[in-house]
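These notes concern the structure reproduced below.
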Amino acid sequence: MPTTQAPTNWAGNITFSAARLHHPDSVDELRRIVSSADRVRVLGTGHSFNRIADTEGDLVNLDRLPHRVETDPGQRTATIAAGMRYAHVAQALHAEGFALANLASLPHITVAGACTTATHGSGSDQRCLAAAVAGLEIVGPDGEVTRISRDEDPDRLNGAVVGLGGLGVVTAMTLDIEPTFDVAQWVWTGLPLDRLDDSFEEIFGAAYSVSVFTDWRSGEGVVWLKCRTDLPDPPEPGQPWLGAHPADRHHHPVPAMPPLHCTEQLGAPGPWHERLPHFRPDFTPSNGDELQSELLLPRAAASAAFAALRGLGDRIAPVVQVSEVRTVAADELWLSPAYGRDSVAFHFTWVPDHDAVIEVVAAMEEALLPLGARPHWGKLTTATPERILSSYDRAGDFARLLAEHDPAGKFRNAYLEGYFPTG
């Protein structure tokens, strides 16, 4: 039975407007809910910071659908229930000797939620998580299931994967997989921020996955290197590197936080899914206490972006908990912020003071949007939809795809209508 108590997102800064919240326990029940509703949106773990998942109609959470992880070793794919969290998918794949190429920093998010907003992990050669999708199963407005696959229609799949929830309810995804692998994680502290500019390629090419954490005012950063044990070694462990010093203890991305729930560091090798995220899957993040924004720019603009952010450091530092810099490889997904270009991503975890934070976000975007910045679809931004879409060559094609899949607008909401208005 649906509930009527108003749910909130993960951070608690959004209270959803839905008249009803459903937790179907089968795809057939989901199909009945969708076919009978006037308006429907899907809520995953709520790890978004704007109203992308909101609706005044029916909100659906897929957390009670049966778990499904079906591997096809010959095709090197796995079909999974889209509402599953990455932690559960990863554990099941690893048990069968398989892996995903990449993971986000938080393994608690759902696969569908991450892919539909083009959430990414880290690595100069690693594309966003949605780029691993080889097929989709979607419940459309009439309750019928549509299948889109890379083999049958790769261009349509490239349009549908980062769908912002507008094409229907994604119930299953087929993902590319590979043989399982081990990762060792190392941390260096005190990296001079000047090195981000003059040693950019060396830093972000030093490991399979690289993150640099800073507040943009201190002049220093902390580097996390996640190194596959079957690839060339990282900088010599235990030795200074580019002015940074090897850590002799575990670290949390937020300097003031204890590292108890972070993934193993200090070079101890372990399975991919226990090292690629920053946080352990058995740790449930607390709600609230932060806001988030993120901008992805062409890597060619990295130097100008570093200079702009350091120039804003005195405004950023008082309201930021930590900022993370990562790299992401180009992809072909129509609405991916890394579409068509190798990218550098600037992520910000802010204090939970919306008014103070949004002023700083506006100042950053004023500096970085002219450099080609694209905001993350699920996080805070002050940019207008028109300005954001102007950097997406396939935005018009996506608008037509929306109209084709959902002509009556059952899966639309105010957020989506702002970007792709009907009529």
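The structure places CZ of R326 at 7.5 Å from CZ of F213, a figure rounded to the nearest 0.5 Å. For the atom pair CG of D142 and CZ of R31, the computed distance is 8.5 Å after rounding to the nearest 0.5 Å. In this structure, CD in E220 is found 8.0 Å from OG1 in T189, a value given to the nearest 0.5 Å. In this structure, CZ in F398 is found 8.5 Å from CH2 in W334, a value given to the nearest 0.5 Å.
Although no hydrogens or angles enter the test, the distance criterion places a donor-acceptor pair under 3.5 Å between the side chain of R374 and the main chain of S391. Under a 3.5 Å cut-off, the side chain of R280 and the backbone N or O of R275 do not form any donor-acceptor pair. D182 places no side-chain N or O within 3.5 Å of a backbone atom of T229 that could act as its donor or acceptor partner. Remark: the backbone N or O of G123 is not paired with any side-chain donor or acceptor of K226 at under 3.5 angstrom. Using a distance-only test at 3.5 Å, with no hydrogens or angles considered, no donor-acceptor pair links the side chain of S343 to the main chain of A345. D406 places no side-chain N or O within 3.5 Å of a backbone atom of G168 that could act as its donor or acceptor partner. For the pair S199 (side chain) and L196 (backbone), a donor-acceptor distance under 3.5 Å is absent. Judged by distance alone, the side chain of T117 and the main-chain N or O of G113 form a donor-acceptor pair under 3.5 Å. Proximity of a side-chain donor or acceptor of T116 to a complementary backbone N or O of G165 within less than 3.5 Å is detected.
For the side-chain contact (heavy atoms from CB on, under 4.5 Å) with F348, the qualifying choice from L309, D215, L291 is L309, the only one to do so.
In this structure, W186 has no ring-ring contact (aromatic ring centres under 6.0 Å, His included) partners at least two apart in sequence or on a different chain. Scored by the salt bridge (Lys or Arg N to Asp or Glu O under 4.0 Å) test, R412 finds E417 as partners (sequence neighbours excluded). In this view, S124 and T327 satisfy the side chain to side chain donor-acceptor pair (under 3.5 Å) rule, not counting sequence neighbours. Checked against salt bridge (Lys or Arg N to Asp or Glu O under 4.0 Å), D194 has the following partners two or more places apart in sequence or in another chain: R310. Residues passing the ring-ring contact (aromatic ring centres under 6.0 Å, His included) test with Y339, sequence neighbours excluded: none. Every residue two or more places apart in sequence or in another chain that forms a salt bridge (Lys or Arg N to Asp or Glu O under 4.0 Å) with E137 is listed here: R68, R147. Partners of D397 under the salt bridge (Lys or Arg N to Asp or Glu O under 4.0 Å) rule, at least two apart in sequence or in another chain, are R394, R400. A search for ring-ring contact (aromatic ring centres under 6.0 Å, His included) contacts involving H376 returns nothing, not counting sequence neighbours.
Among residue pairs with one or both ends in residues 126-135, those qualifying as side-chain hydrogen bond (donor to acceptor under 3.5 Å, both in side chains) are Q126-Y208; sequence neighbours excluded. Listed by first and then second residue, the side-chain hydrogen bond (donor to acceptor under 3.5 Å, both in side chains) pairs that reach into residues 166-176 are T79-T174, R150-D176, sequence neighbours excluded.
S323 has its side chain out of reach of I316: every pair of non-hydrogen atoms, C-beta onward, lies at least 4.5 Å apart.
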Which atom pairs, one a donor and one an acceptor, fall under 3.5 Å between side chains of residues 252-266 and the rest of the protein, sequence neighbours left out?
{"unit_1": "H252", "atom_1": "ND1", "unit_2": "V254", "atom_2": "N", "d": "2.9"}
{"unit_1": "T263", "atom_1": "OG1", "unit_2": "Q185", "atom_2": "NE2", "d": "3.1"}
{"unit_1": "T263", "atom_1": "OG1", "unit_2": "P277", "atom_2": "O", "d": "2.8"}
{"unit_1": "T263", "atom_1": "OG1", "unit_2": "H278", "atom_2": "O", "d": "3.4"}
{"unit_1": "E264", "atom_1": "OE2", "unit_2": "H250", "atom_2": "NE2", "d": "3.3"}
{"unit_1": "Q265", "atom_1": "OE1", "unit_2": "H251", "atom_2": "N", "d": "2.8"}
{"unit_1": "Q265", "atom_1": "NE2", "unit_2": "H251", "atom_2": "O", "d": "2.8"}

Would you be so kind as to tabulate the donor-acceptor pairs closer than 3.5 Å made by side chains of residues 42-50, with sequence neighbours excluded?
{"unit_1": "N50", "atom_1": "OD1", "unit_2": "I52", "atom_2": "N", "d": "3.0"}
{"unit_1": "N50", "atom_1": "ND2", "unit_2": "W377", "atom_2": "O", "d": "3.0"}
{"unit_1": "N50", "atom_1": "ND2", "unit_2": "K379", "atom_2": "O", "d": "3.0"}

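With a 6.0 Å cutoff to the six-membered ring centre and a 45° limit on the axis angle, R299 does not count as a cation-pi contact of F200.
E29 and R64 are not joined by a salt bridge, as no carboxylate oxygen comes within less than 4.0 angstrom of a charged side-chain nitrogen.
Side-chain contact of N413 with T55: a donor-acceptor pair under 3.5 Å is absent, judged by distance alone.
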Stepwise, does the side chain to side chain donor-acceptor pair (under 3.5 Å) test hold for T77 with D72? CA-CA 5 Å; T77 60; D72 185 335; 4.6 Å; no
Please walk me through it: do E290 and Q292 pass side chain to side chain donor-acceptor pair (under 3.5 Å)? CA-CA 7 Å; E290 68 182 69; Q292 291 185 11; 2.6 Å; yes
